[in-house]
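See structure below.
Numbered from 1 within each chain, the chains take letters A, B, ... in sequence-line order.
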There are 2 protein chains.
Amino acid sequence: MDKQTITIYDVAREANVSMATVSRVVNGNPNVKPATRQKVLKVIERLDYRPNAVARGLASKKTTTVGVVIPDITNIYFSTLARGIDDVATMYKYNIILANSDENSQKEVSTLDNLFAKQVDGLIYMGHNISDAVRAEFSRAKTPIVLAGSVDPDEQVASVNIDYKAAVKDAVALLLQKGAKKVAFISSAMNEPINGEYRLAGYNEALAEAKIPYDGNLVFETDYNFRAGAALWDKLQAVGADAAYVADDELSVGVLDGALDHGVKVPDDFQIITSNNTFLTEITRPQLSSISQPLYDIGAVAMRLLTKMMNKEAVTDKTVLLPFTIAERNSTKK
Amino acid sequence: MDKQTITIYDVAREANVSMATVSRVVNGNPNVKPATRQKVLKVIERLDYRPNAVARGLASKKTTTVGVVIPDITNIYFSTLARGIDDVATMYKYNIILANSDENSQKEVSTLDNLFAKQVDGLIYMGHNISDAVRAEFSRAKTPIVLAGSVDPDEQVASVNIDYKAAVKDAVALLLQKGAKKVAFISSAMNEPINGEYRLAGYNEALAEAKIPYDGNLVFETDYNFRAGAALWDKLQAVGADAAYVADDELSVGVLDGALDHGVKVPDDFQIITSNNTFLTEITRPQLSSISQPLYDIGAVAMRLLTKMMNKEAVTDKTVLLPFTIAERNSTKK
DNA sequence: GTGAAAGCGCTAACAC
DNA sequence: GTGTTAGCGCTTTCAC
């Protein structure tokens, strides 16, 4: 592979010092006489020496690499989280191994197995449904793990989120306050805790406070892409919905397009509020009102939390909730 | 870090064989008697042994990890490429270390340095401007490198692309054919070869064939985001443009929104053709006509090419061009 | 078909 | 402040 890799040994010999000394200067250990340090540094430069991180990892049992399991990097929600993660990782001198999981439990398990085999120092997991098999992998590993933008109902593993229930409650309450009578709830699989437990609970609370009975016909499960949203329009109209809370921005755009393409006026005849406040909410006409959650920050804070855990620092709260707001745009009435 | 990691040595002892034999069964080496293999496999399972990839990497000089340098994972263009890369990488048992560069040469250099220190077996680089410093890092490393969706005018390093010049020529020709008289050219920095050399050349050729003189006032450099596009509208109108070729989808959406917000009819009064055919082109109203390039495939093919190079297989063409088409939607006239 | 032993390139005591 | 010496956990000749 390598032609003639130069090692710490070569540097030591050329500089007339021991390997230990070279190691010290490379690692910024202060116990080196300045003159010696300079001498070594010169040789390092002359030989174009680059420390082998793999050997270092073997010897030190630290790889400065963290694993990142993500459902689909192509989804703006996740790519924004990932960007926050990577930026903070870089800040703390870590690299991330990124692996798309498609929320497929089997794929997740083999990915985790692989990541742990590679001795990642920590792991960030994104995914809305932690299967038992995945949970087993988690406990099998002795590596710190943090969830980003994903809830663990059991609160066994650390996580960074917003308060999904409160956020959806506020969102639906806004719709109701603006005159909506039949608010649809649209998300992906309800067996994902984030939907079935948190978001739906928020929806129900808002309904209850407005003394509106829950109607199961108004609850829809579908995929997170705009085609699915557009395809949903007929059903929405069939049940007489006059507004919708939607759990994903791309899906919301689909619903909006469905309405528009059928000549329905938004927000006059149909109101929409979405969940992630990505730039999609701003490019549509009308622009979409949305829950505003700090995705980049969720990723960043999750990674920061992970650095603390990897560093064995005391962590006060394993579950951190970041604040959210509601961004009122033009898919809800004034 | 680890409590009590069990090593290949533990397995060997428990199974009454040598480490070498355990190594053979773990690596699927056929030179093991089936009975022995079974015995070892049993012990591996009982002990829940997981081979340490770092140690393996040190001994074998292969990490089954490739570095991926990407300008910004948050941009759909790049995240789609990345998805193709990761899928093929997974298929060939590689992991990817993902690093955002923001197309900052300095950051790229330190990232590359880091990636090579980690002994990645190969590298995929995305970025439209290969600085001299980056080029120096490239040649310093003895690792195979492939560019994905990014051109190297010098053709020193392998790359997978579409024919940008021909694509833009076709796109602009379409605009012209549909009656446009003053077609604007909008991209990011013209000092990036992909813009200044390839795309602009295609633009010029289309103009020449239609016998329309080149007008520098119609050429705009800006950022790739929708705000920049909307902000550009006034200038576009000031120079009297009646159509635009735009190098990025998000930017195109901005231009479209700018036009719409000013009451301009698209495509009647202003036509737009964009470059990447991401789902953004389908969610807008009207939908955007676009060059259709197989982003996912570009990533996938780039990774496939890299596996060949890492495997020291013969590679016929270092530069592979994938086919493109033009998707006519509703931002160009019928 | 299997084992012994020498590294891979580095860190981390420990000694001086 | 610097050197010596074990490993880290595995692969890989080379014998047998």
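One finds no salt bridge joining Arg304(A) and Asp297(A) here, because no Lys/Arg side-chain nitrogen approaches an Asp/Glu carboxylate oxygen to under 4.0 Å. Salt-bridge formation is detected for the pair Arg13(B)/Asp10(B): a Lys NZ or Arg NE/NH1/NH2 atom is positioned less than 4.0 Å from an Asp or Glu carboxylate oxygen. A salt bridge between Glu45(B) and Lys42(B) is absent, with no side-chain N of the basic residue lying under 4.0 Å from a carboxylate O of the acidic one.
The residue among Asn27(A) and Pro34(B) whose nearest nucleotide of DNA chain C lies closer to the 5′ end is Pro34(B).
Atom OH in Tyr9(A) sits about 18 Å away from atom C1' in dT11(C), given to the nearest Å. Distance Ile8(A) CD1 to dC8(C) P: 14 Å, rounded to the nearest Å. Going from atom NZ of Lys61(B) over to atom C1' of dC10(D) covers 13 Å, rounded to whole Å. Lys118(B) has its NZ atom 19 Å from the P atom of dG9(C), to the nearest Å. Rounded to whole Å, atom C1' of dG9(D) lies 14 Å from atom CZ of Arg13(B). Rounded to a whole Å, the CD atom of Gln38(B) is 15 Å from the P atom of dG1(C). The distance from atom CD of Gln119(B) to atom C1' of dG9(C) is 9 Å, rounded to the nearest whole Å. Taking atom CE of Met19(A) as the reference point, atom P of dG1(D) lies 21 Å away to the nearest angstrom.
Residue contacts for Asp10(A): at a heavy-atom cut-off of 4.0 Å it reaches no nucleic acid atom on any strand shown. Residue-level contact check: Thr7(B) touches the backbone only, with heavy atoms under 4.0 Å from sugar-phosphate atoms and none from bases. The residue Val17(A) sits close only to the backbone: its heavy atoms come under 4.0 Å of sugar-phosphate atoms, none of a base. Asn52(B) comes within 4.0 angstrom of sugar-phosphate atoms only, judged by non-hydrogen atoms across all strands, and of no base.
Between the side chain of Asn52(B) and the backbone N or O of Val54(B) there is at least one donor-acceptor pair closer than 3.5 Å.
Distances shorter than 4.0 Å separate some side-chain N or O of Thr21(A) from OP1 or OP2 on dG3(D). Residue Ser23(B) has no polar side-chain atom (N or O) positioned under 4.0 Å from OP1 or OP2 of dT12(D).
Comparing dT4(D), dT11(D), dT2(C) by their closest approach to the side chain of Lys33(B) singles out dT2(C). Between dG9(D), dT11(D), dA4(C), one nucleotide has an atom nearer to the side chain of Ser60(B) than all others, and that is dT11(D). Closest contact between the side chain of Tyr49(B) and the listed nucleotides dT4(D), dT2(D), dC10(D) involves dC10(D). Residue Leu58(B) places its side chain closer to dC8(C) than to any other of dC8(C), dT12(D), dG3(D). Proximity note for Ala59(A) (side chain, C-beta onward) versus dT2(C), dC8(D), dT12(D): the nearest is dC8(D). Between dG1(C), dG9(C), dG9(D), one nucleotide has an atom nearer to the side chain of Thr36(B) than all others, and that is dG1(C). Among the nucleotides dT11(C), dC10(C), dT2(D), the one closest to any side-chain atom of Pro51(A) is dC10(C).
Side-chain contact between Glu137(A) and Thr111(A) is absent, with no heavy-atom pair separated by less than 4.5 Å.
Remark: the Arg24(B) side chain and the dG3(C) base include a donor-acceptor N/O pair separated by less than 3.5 Å. One cannot find a donor-acceptor pair under 3.5 Å joining the base of dG1(C) and the side-chain atoms of Arg37(B).
Checked by atom type, the side-chain pair Thr64(A)/Lys118(B) shows a donor-acceptor distance below 3.5 Å.
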